[in-house]
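These notes concern the structure reproduced below.
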Amino acid sequence: MSHKVIGCSVEQINGSKKVTGKSKFTDDLKMQGMLIAKVLRSNIPHARIKKIDISIAEKIPGVIAVLTAKDIQGENSVGIIIKDEPVLTDEKIRRIGEPIALIAAETEEQADMALAAIDVKLEEIQGVFDPEEALQPSATLVHKGGNLLVHKKLRRGDAETAFKEAIVTAESNYITQMVEHAYIEPEAGIAYCDQDKVILLVSTQDPHYDREEIARVLGIGQHKVRVIQQPTGGGFGGKLDISVQCHVALLARATGRPVKLTYTRQESIIASPKRHPYKIYYKSAAGEDGKLLGVKVKIICDTGAYASYGPAVVTRALVHATGPYSIPNVHVDAYGVFTNNPVCGAMRGFGVPQMAFAHESQMDILAEKLNISPWEIRRRNFLTPGAITGTGQKLGQSVGILETLNKVQSYVKEQGWGN
Amino acid sequence: MKLEVLQFELNARKVSVRVKPDATLLDVLREDLDLTGAKRGCGEGECGACTVLIDGMPVDSCIYPALKAAGKNIETIEGLGTEDNLHPVQKAFLDEGAVQCGFCTPGMILTTTALLAKNQSPSEEEVKVALSGNLCRCTGYTKIINAVKVAARNINKL
Amino acid sequence: MKKRGCGIGSMWYGIGNTGLPNPSGAFVQVLDDCTVIIHTGCADIGQGSTTVLAQIAAEELGVNFNDISVICADTGVTPDAGKTSASRQTYISGNAVRKAAQSAKETIFKKGAELLQVPEEELILKNYQLNSLKNYNIQISLKEIMAKCREDGTLVIGHGWFNPQTKGLDKRGQGIPYATYAFATQWVEVEVDTETGEIDILNVVAAHDVGKAVNPMAVEGQIEGGSVMGAGYALMEEIILDDGKIINSSFSNYLIPTIKDVPCVNSIIVEEEEVTGPFGAKGVGEPALIPTATAIANAISNALGIRFYELPITPEKILNSLKTANNTNKNQRDF
Amino acid sequence: MYWEKYLKVKTLHEAMEILKLYQGKARLIAGGTDLVLQLREKKKRVSVLVDISDLPELQYIKEEHGQIKIGAMTTHSQLAASPLLWEKVIVLAQAASSVGSPQIRNVGTVGGNIVNAQPAADTVVALMALDAKVVVFNNDGGEEKIPFSELFLGVGESKIDPTSQLLKEISFSLLPEMRSSLGRLARRKALALPILNIGIVLSVNKKENRLHEARICVAPVAPVPMRMKEAEKTLLSRKLSDELLISASKAAFDAADPRNSKLRGNTAYRKELVRVMTYRTLKTALATRGGVGDEAGSITV
């Protein structure tokens, strides 16, 4: 079928605004009477709050509002999947960067002075920083319900038998690191009130989710909240969680004035969710023909202090653990674990890049043992149209994995690259 | 706090503005002159999103004291081309798909114009050296390098 | 000494949420002058969804791309389009926009059929003109139809929404987590300095099955950007913690690749059209990054004959592993 | 408020008068690429900044009687673009090209880099190997010369007090048959502080196939850039040979004592890099030309 515009490399809509510097990102906006917001954050990872004294901070000239948890009229919690993260904490601190109080002031300097004037008395608690330690019965609890956020299982066929019948096996442990999204635009948002409505201008990946959370936290109907995404300077999953949204909305309601909060780069790195670090225990079994017979995988994901996208990342890791291969016997356990580390959430690939590191290393190890090329072992095992996946799904016709490999191989050959 | 008078040439116009003595050039451009094309990505001269040209040279305006700019010639993205009349570098970035989120774009484009003013047909290595102070997280740089090459060709044709 | 090696990484990636509903909605209005406004909740964060959605609507309605205007990601006026995540916007919001355009088209066809006195099924809309398939002389311009609609008080407004067909996972992880999958293979060549541990990426080839590339330049942009983010993941990026405290919380010590750290990426677009996708499209945003790090790891192993089980693979880890490998070899010789 | 006043002066004299007037509350600022951040992070405090970066009498690169003289406010970009340096003092040209990013090089000055005294500053490592001296003006009107070997006291601490002294000039002698090179390793290829910096300056005696002089400066392996005296001695002890370079590299390895760093790597790794990079930089230095009286003819190693 011939198309008129599908398949055409038309230039980006609004691109001419971007190349001329006319695109208004959130921090580029100013409003009449706008206040500057700052967030007081914890600098220790695990503690109980004994007292928050804002009396001095409130008196600093130019400081219009100082808010703590008790000023929240709706629910004091946010979270994409589980609402486990306080908007402002007044009980327990579970990570460094946890928000404790909000300031709105006429100038940034005044806001900074107010931040320094808030007195927080804490009782430190021993933290837990390794997910496997966190699963020990003696471990300090990050949340009341225990440190296990989620345990997901994938079972297909009989992996034990597959390993008995295997000609070659490979067993390895893989470790991946925590990673920052590093979008070049730090988080930013402006909130203002228009009669009984709260309006937000914000750098975000999902204004509708923001609306839901703001309404719940303010204790008002979703129809009273309007969230307008501004040009957003990258996200990569890091602008899915709530960052500034509820904070500026609370301050705008409290002051009746427009309020802007823009993170510094440091604050962005400290406060924003990260890519989950994984520990992966991976066993693969193959037959003489180089075909995979089974895999057995255990995955431990450190989700940090709060769930964020953790449960989804764990599930995705589970489903994608096999890689793009037909494997009749699959046995995967994936665990998401709370620690006092920074929160881990969504980042480009949702737990799959970690798994790819493991399953693709395994393929090369098996290829070497079987004395076939890395190209060949993949070819022999790729999913094909109509194949059954580890979750028992019968694939449709759009399965181009073999074609991608073939195209890459011929391209490399044409260029005369490699060995 | 006493404000100081700062005078310089900005996008080919003489400008006089009263500034805080400890303001950076980026503060003054964004807050006082309402030129928000230069962005604050890191505030410490590491990402290049705040790049402006001072006497034709790319500079990180986020760590450049505003009063240091007295008497100098400053160019910002706003002084380059307009949406209806794009500068060849702006046009090349747009045509070649070198723009994704657009946050690093003004800085990238200014650094490129400074390079092409000095070197009309830079090699790929020279492009990389020139743009090594401008971080981009979206594009992977491939299309940016193409755009610089295309812009160089188009400028030479003018 | 410098050693070269090559490595492959393959991947699959399910488009959209895992076995959970994740619908997207859209409105399409055709205006009296035949220009079009799309309302979508879809947040463009630089990847180009706004452009792609406009292309989909333009194609469906047979109007010029420049006659489309998109209003997006404003909860006051646009319907929920779910998150810009899971590489789902082209597939899911693309379908929603296409359906909304189809629904607007229904009004146009209905009016056209009435005016031309032929059944709706007989009509096609192309180049701002409604024609009968049976007799090409039976035709009416879109503009006239819009005028007639205006006359009798009909507005041409369509809405559409799409939710991918999935089935939640059961206790054994069985189900249909995704309606469709993207696939990719990447190949990387590296050069490793065995005395300093430095790693140079020489070449990257990245082939991605995206179903259908609605905008090939934007797809390449995703592949190139993703690969470079993947290279950072493989070689240099790491949040370093000390009892929960990030010790590299600035751009001077959390390092992402600069333009000097990566080669130009060679991208190859593979189009195995997905019948449920808008014009066959699937997705590419995240798949672009997934195979790169592992291809680099495999290339390093190929160069050195040593496997690395931990990311990032830093020069320090390279030297330590080479040292261990040498010691092991020596011991073997001693015996 | 990070500072209260910012004064751009027209003459050197004016700068010194202001320093005198404020008695320790004013300090000089050059490019400010490091200082602005340090003031913002409150690592340093000051009321008045006196900007001397535009004084033309502090911006020059010249050769006089076998000496190179550099005005303290010469920017890294100017050094990196100097044909004179690329011809005769490669190590310094390389060092200036390695600093930060083009944006930083366009503003940051060689003098600022010296006064700021960061342990791995690229140009400082090169100048240490060049055995450079600085000319410093005191606010009492006096002038003193300080050799680089005495200039640095600790991390971020130099002998020059920018609240009362002005670094005017950097100078060093060109050696006969001078060979030089900078070795640098960082965690990425641009915009990154070095894990290791090595500046090497040699003077060769082609006839006898040995070295007249050898200077090796390594950083950051100690709070201040470190001259590798044992390695230098080794290089002078015998005729040039590959074994000699290896022994010298081993001597540098033994002398280096970098600390464990989560960002820069552990001690063993960084020591190993000292060995490898000393050897390599010696090799590349020997392959260069430079200094005074350089004639054709190669050195066999």
Side-chain angles (χ1 to χ4, degrees), chain B residues 1-8 19-27 38 42-72 107-108 110-112 114-115 118-119 125-135 141, chain D residues 1-10 26-43 45-55 59 73 75-78 80-81 94 96-109 112 186 188-193:
Chain B
M1 177 184 18
K2 204 169 145 258
L3 296 183
E4 301 280 341
V5 176
L6 167 64
Q7 291 181 312
F8 51 59
V19 305
K20 288 186 216 158
D22 66 343
T24 62
L25 181 57
L26 183 65
D27 296 334
C42 69
E44 52 179 7
E46 293 286 343
C47 75
C50 66
T51 299
V52 300
L53 304 185
I54 298 185
D55 295 336
M57 290 184 301
V59 159
D60 291 321
S61 64
C62 72
I63 51 169
Y64 195 91
L67 289 164
K68 195 179 190 51
K72 294 188 188 277
M108 276 297 173
L110 285 170
T111 307
T112 302
L115 166 70
K118 273 198 311 196
N119 182 347
E125 186 53 31
E126 286 169 329
V127 172
K128 285 186 165 194
V129 170
L131 293 182
S132 62
N134 293 81
L135 295 178
Y141 305 108
Chain D
M1 196 75 177
Y2 305 119
W3 58 83
E4 288 155 28
K5 260 190 186 169
Y6 194 96
L7 305 171
K8 263 183 104 169
V9 294
K10 298 250 161 41
R27 69 168 279 158
L28 301 175
I29 179 169
T33 51
D34 285 324
L35 183 59
V36 168
L37 290 177
Q38 290 164 348
L39 291 168
R40 223 186 265 165
E41 287 160 13
K42 308 215 155 74
K43 287 179 183 163
R45 278 165 205 277
V46 70
S47 317
V48 181
L49 288 174
V50 184
D51 188 335
I52 52 170
S53 62
D54 282 346
L55 294 178
Q59 288 182 12
M73 291 302 103
T75 64
H76 296 114
S77 290
Q78 286 164 341
Q94 287 173 326
S97 320
S98 309
V99 174
S101 64
Q103 282 88 331
I104 300 290
R105 295 196 285 276
N106 285 336
V107 177
T109 65
R188 71 179 171 194
K189 291 189 179 134
L191 259 178
L193 292 172

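Every chain is numbered from 1 and lettered A, B, ... according to where its sequence line falls, protein lines coming before strand lines.
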(request) Supply the atom-to-atom distance B:Ser132 OG to D:Arg188 CZ, rounded to the nearest 0.5 angstrom. (result) 9.5 Å
(message) Please evaluate residues D:Gln103 and B:Asn134 with respect to the criterion side chain to side chain contact (heavy atoms under 4.5 Å, CB included), reporting the C-alpha separation (whole Å), side-chain torsions for both, the decisive distance (0.1 Å), and the verdict.
(response) CA-CA 9 Å; D:Gln103 282 88 331; B:Asn134 293 81; 2.9 Å; yes
(message) Has B:Asp22 got a side-chain atom pairing as donor or acceptor with D:Tyr2's backbone, closer than 3.5 angstrom?
(response) yes
(request) Check whether any side-chain heavy atom of D:Pro102 sits under 4.5 Å from a side-chain heavy atom of B:Thr111, and report yes or no. (result) no
(request) Using a cut-off of under 4.5 Å on heavy-atom pairs, state which of D:Leu35, D:Asp34, D:Val36, D:Leu39 scores highest against chain B. (result) D:Val36
(message) Around atom NZ of D:Lys5, are there more than 12 heavy atoms from other residues, nucleotides or ligands closer than 6.0 Å?
(response) no
(request) Check each atom of D:Leu191 against the heavy atoms of chain B and say whether the ones under 4.5 Å are side chain, backbone, both or neither. (result) both
(message) Report which part of B:Thr51 has an atom under 4.5 Å of a heavy atom belonging to chain D: side chain, backbone, both, or neither.
(response) side chain
(message) Need one label for D:Asp54: side chain, backbone, both or neither, based on atoms under 4.5 Å from any heavy atom in chain B.
(response) side chain
(message) Between B:Lys20 and chain D, with a heavy-atom cut-off of 4.5 Å, which part of the residue counts as in contact: side chain, backbone, both or neither?
(response) neither
(message) As an exercise, state the distance from NZ of B:Lys72 to NZ of D:Lys8, rounded to the nearest 0.5 Å.
(response) 4.5 Å
(message) With a 4.5 Å cut-off on side-chain heavy atoms, are D:Val107 and B:Ile54 touching?
(response) no
(message) In the structure I gave you, are the side-chain heavy atoms of B:Ile63 and D:Ile104 within less than 4.5 Å of one another anywhere?
(response) yes
(message) Give me the atom names and distance for the closest heavy-atom approach of B:Gly43 to D:Leu37.
(response) O-CD2, 3.8 Å
(message) Please classify the contact between B:Ala114 and chain D as side chain, backbone, both or neither, with a heavy-atom cut-off of under 4.5 Å.
(response) neither
(message) I need the residue from D:Arg40, D:Glu4, D:Lys189 with the largest number of non-hydrogen atom pairs under 4.5 Å to chain B.
(response) D:Arg40
(message) Is D:Asp51 close to chain B through its backbone or its side chain, or both, or neither, when contacts mean heavy atoms under 4.5 Å?
(response) side chain
(request) Measure the shortest side-chain to side-chain distance between D:Met1 and B:Pro21 over non-hydrogen atoms and say whether it is less than 4.5 angstrom. (result) yes
(message) Does any part of the side chain of B:Lys68, heavy atoms only, come nearer than 4.5 Å to the side chain of D:Leu49, both counted from C-beta?
(response) no
(message) Which heavy atom of D:Asn106 sits nearest to which heavy atom of B:Pro58, and what is that distance?
(response) ND2-O, 2.8 Å
